[in-house]
> 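Quick one: the structure is below, and I'll ask about it shortly.
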Amino acid sequence: MQKKIALVTGSSSGIGYETALLLARNGFHTCATMRNAEKSESLRKIAEKEKLPIRFVQLDVDDDDSVDRAIGEIEKELGKIDVLINNAGYGLVGGFEDLALDEIRQQFETNLFGVIRVMQRVLPGMRTRRNGIIVNISSGAGIVGFPCMSGYVSTKFALEGLSESIAHELLPFGIKVIIIEPGVIKTDFVRNSVTSIRALNESSAYFDILGKIRENLILMQEHATSPADVAKTIFDAINHREPNLRYVVGNDIAMVAEAKRNLPEAEFRKMMIQDILRDLSKDG
Ligand SMILES: NC(=O)c1ccc[n+]([C@@H]2O[C@H](COP(=O)([O-])OP(=O)(O)OC[C@H]3O[C@@H](n4cnc5c(N)ncnc54)[C@H](OP(=O)(O)O)[C@@H]3O)[C@@H](O)[C@H]2O)c1
């Protein structure tokens with residue numbers, strides 16, 4: 001049987017890295033794409049040792065030419081892309097007032113327009129073959145709003161709406177769309193997050209709140225779900241004959257999502273900010 005071809009964006013670390021590895025270990029010819037080819041070394045070593053079918057391709061989701069070149073090369077040499085995993089992304093943190101418009105634009109460029117750019121380049125091939133699976137890595141932040149993360153949350157809510165709409169639109173063409181909603185995952189995500197320049201200034205009205213949120217996130221990351229669990233959810237979903245539209249990964253976000261569904265709105269809102277308020281009042 002012909003090997004299925006999968007493309008993963010942002011494979012240099014975290015969820016993308018684990019997903020590329022799991023797919024390759026399970027028979028997918030995997031295109032591990034990353035914007036910085038120098039970061040491929042660790043995955044490359046494993047691939048060589050285990051003789052895995054991984055191809056390394058430079059792809060920056062922000063860059064039209066890079067996306068066109070990478071996907072053109074893959075389609076020319078491998079003939080098609082069966083599975084696309086849109087994983088590349090980063091977090092922007094800071095109180096909304098402190099976010100510069102350019103910082104928000106850059107956040108959308110990668111987390112939303114990057115996904116749009118890659119999907120629009122891959123879709124014609126999938127549609128012509130009437131076959132394909134697109135997996136979009138959203139977030140718990142695509143279900144619930146979080147303080148001092150409005151820029152990031154906006155991109156993931158937008159990605160949710162986009163993915164849900166095209167899931168309906170593409171089904172008649174044999175293309176499935178899957179949304180993955182991880183909670184806090186043990187990756188370099190927090191370390192790689194960008195803090196808005198104005199939010200770094202101690203005179204910011206949101207400086208203390210942001211500090212508490214950051215502390216909480218770092219603590220939560222220590223006991224967080226592993227990126228391998230996210231990869232496993234992706235793998236199971238793409239191998240399912242009739243996958244769900246959405247998969248939540250991690251007990252933390254499963255509980256918050258359930259609370260949002262079931263609690264009265266005022267109670268849910270209190271729950272979302274209680275840690276911050278308690279910590280801040282403790283500090284005086
Ligand atoms: N970790 C969490 O708690 C969590 C929770 C929910 C959702 N997510 C989502 O999961 C996805 C992966 O994040 P992660 O946790 O694995 O974090 P990560 O370890 O920081 O990985 C992010 C990946 O995205 C890549 N990337 C960023 N901008 C890019 C661009 N313009 N073009 C190509 N690649 C780019 C990074 O490449 P470089 O190495 O070059 O920077 C890296 O490979 C993101 O979409 C994130 O929003 C994460």
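Every number for a ligand or one of its atoms is a count from 1 in the order of the listing.
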> So is Glu181 close enough to ligand 1, meaning a heavy atom under 4.0 angstrom away?
no
> Counting heavy atoms only, name the option from Ser193, Pro182, Gly14 that's nearest to atom 6 (C) of ligand 1.
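Closest candidate by heavy-atom distance is Pro182.
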> Mind checking whether Lys156 has an N or O less than 3.5 Å away from an N or O of ligand 1?
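The answer is yes, given that Lys156 and ligand 1 share an N or O pair closer than 3.5 Å.
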> Could you tell me the residue and atom name of the protein heavy atom closest to atom 35 (C) of ligand 1, and the distance to it rounded to 0.1 Å?
Ala88 CB, 3.5 Å
> Does one hydrophobic cluster hold both Leu59 and Val122, with members joined at side-chain heavy-atom distances below 4.5 Å?
yes
> Distance to 0.1 Å, residue and atom name: give those for the protein heavy atom nearest to atom 16 (O) of ligand 1.
Ile15 N, 2.8 Å
> So, taking the atom named CD1 in Ile175 and the one named CZ in Arg129, what distance separates them when rounded to the nearest 0.5 Å?
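Here the rounded value is 8.5 Å.
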> Under 4.0 Å from a heavy atom of Gly183: give me the atoms of ligand 1 that qualify, with their elements.
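Selected atoms, number and element: 3 (O), 4 (C), 5 (C), 6 (C).
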> Does a donor on one side chain sit under 3.5 Å from an acceptor on the other, for Asp62 and Gln106?
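Note: Asp62 and Gln106 side chains meet the donor-acceptor criterion.
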> Does either side chain, that of Glu181 or that of Ser138, offer a donor lying less than 3.5 Å from an acceptor on the other one?
no
> Starting from atom 23 (C) of ligand 1, what is the nearest protein heavy atom, named by residue and atom, and what distance separates them?
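For atom 23 (C) of ligand 1, the nearest protein heavy atom comes out as Gly10 O, 3.8 Å.
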> Could you tell me the residue and atom name of the protein heavy atom closest to atom 31 (N) of ligand 1, and the distance to it rounded to 0.1 Å?
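Here the closest protein heavy atom is Asp60 OD1, 2.9 Å.
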> Please tell me whether Ser66 and Asp60 have a donor and an acceptor in their side chains that are separated by less than 3.5 angstrom.
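Side chains of Ser66 and Asp60: no pair found under 3.5 Å.
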> Any heavy atom of Tyr152 closer to ligand 1 than 4.0 angstrom?
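Yes, Tyr152 has heavy atoms under 4.0 Å from ligand 1.
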> When only distance counts, is Ser12 in polar contact with ligand 1, meaning an N/O pair under 3.5 Å?
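Between Ser12 and ligand 1, an N or O pair is found under 3.5 Å apart.
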> Note the single closest protein heavy atom to atom 13 (O) of ligand 1, along with its residue, its atom name and the distance in Å.
Phe189 CD1, 4.1 Å
> Checking contacts here: is it the side chain or the backbone of Ile185 that comes within 4.0 Å of ligand 1, counting heavy atoms only? Could be both or neither.
both
> When you compare the side chains of Tyr17 and Thr187, does any donor N or O come within less than 3.5 Å of an acceptor on the partner?
no
> What do we get for Ser138 next to ligand 1 when only non-hydrogen atoms under 4.0 Å count, side chain, backbone, both or neither?
backbone
> Distance from Ile213 atom CD1 to Met149 atom CE, nearest 0.5 Å?
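So the gap between those two atoms works out to 8.5 Å.
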> Using heavy atoms and a 4.0 Å limit, tell me yes or no: is Gly91 in contact with ligand 1?
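The answer is no: ligand 1 sits nowhere under 4.0 Å from a heavy atom of Gly91.
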> With heavy atoms only and a cut-off of under 4.0 Å, state how Lys39 meets ligand 1: side chain, backbone, both or neither.
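For Lys39, the contact with ligand 1 is made by the side chain alone.
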> Compare all side-chain heavy atoms of Val248 with those of Ile143 and state whether any distance is below 4.5 angstrom.
yes
> From the options Ile137, Asp62, Asn87, select the one whose nearest heavy atom is closest to atom 45 (O) of ligand 1.
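Among Ile137, Asp62, Asn87, the closest heavy atom to atom 45 (O) of ligand 1 comes from Asn87.
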> Which protein non-hydrogen atom lies closest to atom 32 (N) of ligand 1, naming both residue and atom, and how far is it?
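Ranked first by proximity to atom 32 (N) of ligand 1 is Val61 N, 3.0 Å.
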> Is the ring centre of Tyr152 less than 6.0 Å from the ring centre of Phe189?
yes
> May I ask you to identify, for Leu59, whether its side chain, its backbone, both or neither come under 4.0 Å of ligand 1 on a heavy-atom basis?
backbone
> Counting from 1, what ligand 1 atoms have a heavy atom of Val184 closer than 4.0 Å?
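So the answer, numbered in order with elements, is 3 (O).
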> Counting only heavy atoms closer than 4.0 Å, does ligand 1 sit against the backbone of Thr187, its side chain, both, or neither?
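Only the side chain of Thr187 comes within reach of ligand 1.
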> I need the nearest protein heavy-atom contact for atom 27 (C) of ligand 1: residue, atom name and distance, please.
Arg35 NH2, 3.6 Å
> Relative to the heavy atoms of Asn192, which atoms of ligand 1 are at a distance of less than 4.0 Å?
18 (P), 20 (O)
> If you round to the nearest 0.5 Å, how far is CG of Leu7 from CG of Leu84?
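So the CG of Leu84 and the CG of Leu7 are separated by 6.0 Å.
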> Any luck finding a side-chain donor-acceptor pair between Ser204 and Asp98 under 3.5 Å?
yes
> Of Ile179, Val177, Ile238, which is the lone residue that meets side-chain contact (heavy atoms from CB on, under 4.5 Å) with Val135?
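Only match with Val135 under side-chain contact (heavy atoms from CB on, under 4.5 Å): Ile238.
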> Do the side-chain N and O atoms of Asn136 and Ser163 include a donor-acceptor pair separated by under 3.5 angstrom?
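There is such a pair (donor and acceptor under 3.5 Å, judged by atom type) between the side chains of Asn136 and Ser163.
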> In the protein, which heavy atom is nearest to atom 18 (P) of ligand 1, and how far is it?
Ser13 OG, 3.5 Å
> Just checking, is any N or O donor in the side chain of Arg214 or Thr195 under 3.5 Å from an acceptor N or O on the other one?
yes
